[in-house]
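All figures in this text were calculated on a predicted structure; none of them were measured in a lab. Throughout, protein chains are lettered first and strands after them, A, B, ... in sequence-line order, and every chain is numbered starting at 1.
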Amino acid sequence: EAQVTQNPRYLITVTGKKLTVTCSQNMNHEYMSWYRQDPGLGLRQIYYSMNVEVTDKGDVPEGYKVSRKEKRNFPLILESPSPNQTSLYFCASSLAGTDTQYFGPGTRLTVL
Amino acid sequence: LAKTTQPISMDSYEGQEVNITCSHNNIATNDYITWYQQFPSQGPRFIIQGYKTKVTNEVASLFIPADRKSSTLSLPRVSLSDTAVYYCLVIPWDTGRRALTFGSGTRLQVQP
């Protein structure tokens with residue numbers, strides 16, 4: 001089944017404790033992206049990647065890192081999480097040259 | 001990116017046709033109109049995309065008038081499972097970032 005998977009789905013952590021949220025897609029998509037969704041603010045893009053080893057900042061990249069060492073994986077790294085990063089995170093992927101993005105199920109992160 | 005305006009919420013009953021209109025007055029020549037659906041605690045899902053006139057798929061129809069300053073998503077004979085948030089997006093065809101700017105969307109509540 002074609003899908004985007006994220007792990008973990010739920011995470012509660014404390015300020016400053018490094019964490020990684022994984023994202024994987026099995027559709028051989030070139031493009032992958034991370035969004036966060038907050039009440040009243042819609043979805044905002046954090047980082048995106050056009051292909052392996054090619055990443056760039058989105059609208060709200062501060063406090064986040066990403067890497068794209070393999071085509072299928074695009075982990076989101078929070079080196080030192082803070083409470084304002086408490087949010088619902090979505091990973092998405094799409095084929096190059098198309099606008100249809102496929103979203104993962106989301107990761108609900110709480111930073112205490 | 002063109003700004004979109006859509007109703008905050010709509011109510012309907014099972015079996016009725018629902019039309020959600022989106023206003024995008026400053027749409028550019030190379031912009032496409034795309035609609036996504038999001039269920040609670042899930043990632044958005046692509047529904048339909050169009051440039052002008054009418055597009056229909058197995059899920060919905062999209063009506064775009066000649067001036068393209070608005071578009072209407074039509075859901076035929078809705079069921080309870082169509083209760084979701086519907087987002088209208090205007091996306092430049094040649095966007096390199098593949099960033100999707102989601103607004104607040106239209107929250108559709110379908111009653112039995």
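A:Gln101 approaches B:Tyr36 most closely through the heavy-atom pair N-OH, 2.9 Å.
Neither the backbone nor the side chain of A:Gln6 comes within contact range of chain B; no heavy atoms are under 4.5 Å apart. Only the side chain of A:Arg9 comes within less than 4.5 Å of a heavy atom in chain B; its backbone stays farther off.
Each of A:Leu41 and B:Val85 belongs to its own hydrophobic cluster when Ile, Leu, Val, Met, Phe, Trp and Tyr are linked at side-chain heavy-atom distances under 4.5 angstrom. Cluster membership for A:Tyr35 and A:Val66, using ILVMFWY side-chain heavy atoms within less than 4.5 angstrom, is not shared. Note on B:Ile91 and A:Phe103: same hydrophobic cluster, where clusters join Ile, Leu, Val, Met, Phe, Trp and Tyr whose side-chain heavy atoms are under 4.5 Å apart, directly or indirectly. Hydrophobic clustering (ILVMFWY, side-chain heavy atoms < 4.5 Å, transitive): A:Tyr89 and A:Leu43 are in distinct clusters. A continuous path of ILVMFWY side-chain contacts below 4.5 Å connects B:Trp35 to B:Ile27, so both sit in one hydrophobic cluster.
In this structure, CD1 in B:Ile48 is found 11.0 Å from OG1 in A:Thr100, a value given to the nearest 0.5 Å.
Identified by a heavy-atom distance below 4.5 Å to chain A, the contributing residues of residues 49-79 of chain B are B:Gln49, in residue-number order. Within residues 37-44 of chain B, the residues having any heavy atom closer than 4.5 Å to a heavy atom of chain A are B:Gln38, B:Ser41, B:Gln42, B:Gly43, B:Pro44, listed by residue number.
The local environment of OH in A:Tyr64 is crowded, with over 12 non-hydrogen atoms from other residues, nucleotides or ligands closer than 6.0 Å. Around atom CZ of A:Arg44, more than 12 heavy atoms belonging to other residues, nucleotides or ligands sit under 6.0 Å away. Heavy atoms of other residues, nucleotides or ligands lying less than 6.0 angstrom from CD1 of A:Ile12 number 12 at most. The environment of CG in A:Leu112 is crowded: more than 12 heavy-atom neighbours from other residues, nucleotides or ligands sit within 6.0 Å.
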